[in-house]
Amino acid sequence: MKNTLVEALHVLAGLVAAVAITWTAAWSYPLGWDVIWWCGLGAMVATLLMGIGPLRRAWMQDKAAR
């Protein structure tokens, strides 16, 4: 359970960072708000997709350790 939790927290941290950066960029350049948010959403989806593999491996390690 520990490995899975660590990986889930890493994915969550990546999502929080992506939201913070996107929000700051959209706030600082209101004319590009919609484009910035679309790019930010793309980064968030990429973060989720890149986290699936490590999360599955961590889950399998935790399952094997039981």
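Note that the structure is a prediction, hence the values are computed from the model and not measured. Atoms considered below: every heavy atom in the structure, side chains included; atoms not considered: hydrogens, waters and symmetry mates.
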Distance in Å, [X] [atom1] paired with [Y] [atom2], rounded so as to fall on 0.5 Å steps:
| X | Y | atom1 | atom2 | value |
| --- | --- | --- | --- | --- |
| R57 | T4 | CZ | OG1 | 12.0 Å |
| M44 | I21 | CE | CD1 | 9.5 Å |
| R66 | M1 | CZ | CE | 8.0 Å |
| T47 | L12 | OG1 | CG | 11.0 Å |
| K2 | Q61 | NZ | CD | 11.5 Å |

For the hydrophobic clusters of this structure (ILVMFWY residues joined by side-chain heavy atoms under 4.5 Å, transitively), does one cluster hold both [X] and [Y]?
| X | Y | answer |
| --- | --- | --- |
| W27 | V16 | no |
| V11 | V19 | yes |
| W23 | Y29 | no |

### Query
Remaining members of M60's ILVMFWY cluster at a side-chain heavy-atom cut-off under 4.5 Å?
W59
### Remaining members of the apolar cluster that contains I52, side-chain heavy atoms under 4.5 Å
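Answer for I52: V45, L49.
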### Query
Minimum heavy-atom separation for I36 to A25, with atom names?
CD1-O, 3.5 Å
#### Entry: Parallel, tilted or perpendicular: rings of W33 and W37 (30°, 60°)
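Taking W33 first and then W37, their aromatic rings sit tilted (interplane angle of 30° to 60°).
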